[in-house]
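Structure record follows, encoded as structure tokens.
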Amino acid sequence: MKRGSKLAQYEGVSASVIKRLPRYYRFLRGLIEKDIHRISSKELAKLMDLTASQIRQDLNCFGGFGQQGYGYNVNALYQQIAKILGIDKSIKTILIGAGNLGLAIANHVHFENIGFHLSGIFDVNPNVVGQNIKGIRVSHVSSLSEFCEKNKPQVAILCIPRETAQEITNNLVDLGIKGFWNFSHFDIKVHHDDVIVENVHLGDSLMTLCFGIHQLNGDTEDKQG
Ligand code: NAI
């Protein structure tokens, strides 16, 4: 990972702890919606199917936040986690590829609630360019350079076919993109080790479910030979 000041501040914290923070954030939001403003680590653990000591350990990485005999102030913890993740700020983001997936992401991800601002959408298809998606006019990729120079987006979401991903990624890295939310099945890290990449493969999650179902069914592997 590149070292921005935020990342440097939490440099020693393991990736698995960081990956759990959005889940804490989600559960805390659920509590706030139910008007619950105080919770013990034991109660939170039960709710999240974790142990109280795991929660204390995780949150201690950032300074604690709980009080002996009181538990956690839900609102305060929610705000703290937002701050740690940086979602109280807004990262300028562009979407490349406004096909089926790109359209679904643009329309259904609540970027503004989780620290991002979708500021540009790009495609090559003349039937798509010029369309309006969530108030953003889809531009042709040929205008990427001018757009990036002017707006300085830091993150790109890739919803383009794998075959086109290498060229566009090289271009985006040259234009200053630091982070990719990559749906394209193209291995960005192999080609650019100095950017942050979150790969999303919906199929991976489904294959894990596949394994679980076969375990439940007691299916056995076919033995050959
Ligand atoms: P799609 O064909 O509906 O959309 C792709 C869009 O990318 C089209 O609008 C096309 O004009 C545009 N495009 C192609 N080359 C481009 C370029 N150089 N610059 C800008 N735009 C360009 O395809 P769909 O279904 O939206 O899937 C997009 C990609 O996402 C595919 O690679 C697919 O395999 C992948 N995918 C990944 C999933 C995951 O879990 N990671 C799930 C579903 C799809």
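The basis for the numbers below is simple: all heavy atoms, side chains too, and nothing from hydrogens, waters or symmetry mates. We count ligands from 1, going down the list as the structure has it; atoms in each ligand are counted the same way.
- Closest heavy-atom contact between Leu77 and Leu28: CG-CD1, 3.7 Å.
- Within the 4.0 angstrom cut-off, atom 4 (O) of ligand 1 has one or more protein heavy-atom neighbours.
- Using a 4.5 Å cut-off between side-chain heavy atoms of Ile, Leu, Val, Met, Phe, Trp and Tyr, with links allowed through other members, Ile18 and Tyr78 fall into the same hydrophobic cluster.
- The backbone and the side chain of Val124 each have at least one atom closer than 4.0 Å to an atom of ligand 1 (non-hydrogen atoms only).
- When each atom of ligand 1 is checked for a heavy atom of Leu202 under 4.0 Å away, the hits are 39 (C), 40 (O).
- In the model, Asp123 has no side-chain atom that pairs as donor or acceptor with a side-chain atom of His140 under 3.5 Å.
- When hydrogens are left out, the protein atom nearest atom 33 (C) of ligand 1 is His185 CD2, 4.5 Å; that is the closest non-hydrogen contact.
- Ile87 and Tyr24 end up in the same hydrophobic cluster when Ile, Leu, Val, Met, Phe, Trp and Tyr side chains are linked at under 4.5 Å.
- Distance alone, capped at 3.5 Å, is enough to place a donor-acceptor pair between the Thr169 side chain and the Ala165 backbone.
- Comparing heavy-atom distances from atom 11 (O) of ligand 1 across Ile105, Asp123, Asn100, Val128 singles out Asp123 as nearest.
- Residue Phe183 has at least one N or O atom closer than 3.5 Å to an N or O atom of ligand 1.
- Protein heavy atoms are found inside the 4.0 Å sphere centred on atom 25 (O) of ligand 1.
- Side chains of Asn199 and His185: a donor-acceptor N/O pair is absent below 3.5 angstrom, by distance only.
- For the pair Ile96 and ligand 1, the shortest N or O to N or O distance does not fall below 3.5 Å.
- Taking the ring centroids of His201 and Phe183, they lie at or beyond the 6.0 Å cut-off.
- Per-residue contacts place Asn125 under 4.0 angstrom from the following atoms of ligand 1 (heavy atoms of the residue considered): 11 (O).
- Contact check on Arg38 versus Glu43 returns no salt bridge, with no Lys/Arg side-chain nitrogen under 4.0 Å from an Asp/Glu carboxylate oxygen.
- Close approach of ligand 1 to Arg162 is summarised as follows: ligand atoms under 4.0 Å from at least one heavy atom of the residue are 32 (O).
- Residue contacts with ligand 1 for Leu101 involve both N, CA, C or O and side-chain atoms from C-beta outward (heavy atoms, distance under 4.0 Å).
- Protein heavy atom at the shortest distance from atom 29 (C) of ligand 1 is Ile160 O, 3.5 Å.
- A salt bridge links Asp58 and Arg20; the closest N-O separation between the charged side-chain nitrogens and carboxylate oxygens is under 4.0 Å.
- Scanning all protein heavy atoms for the shortest distance to atom 18 (N) of ligand 1 gives Thr164 CB, 3.8 Å.
- When hydrogens are left out, the protein atom nearest atom 28 (C) of ligand 1 is Cys159 O, 3.3 Å; that is the closest non-hydrogen contact.
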Begin from the C-alpha positions of Ile94 and Leu144 and carry the test side-chain contact (heavy atoms from CB on, under 4.5 Å) through to its verdict.
-> CA-CA 10 Å; Ile94 53 176; Leu144 252 179; 3.8 Å; yes
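- Here atom 39 (C) of ligand 1 lies nearest to Val200 when heavy atoms of Asn127, Asn199, Ile121, Val200 are compared.
- Which parts of ligand 1 touch Val141 is read off a 4.0 Å heavy-atom cut-off, strictly below it: atoms 19 (N), 20 (C).
- Contacts with ligand 1 closer than 4.0 Å are made by heavy atoms of both the backbone and the side chain of Pro161.
- Distance alone, capped at 3.5 Å, is enough to place a donor-acceptor pair between the Lys189 side chain and the Val195 backbone.
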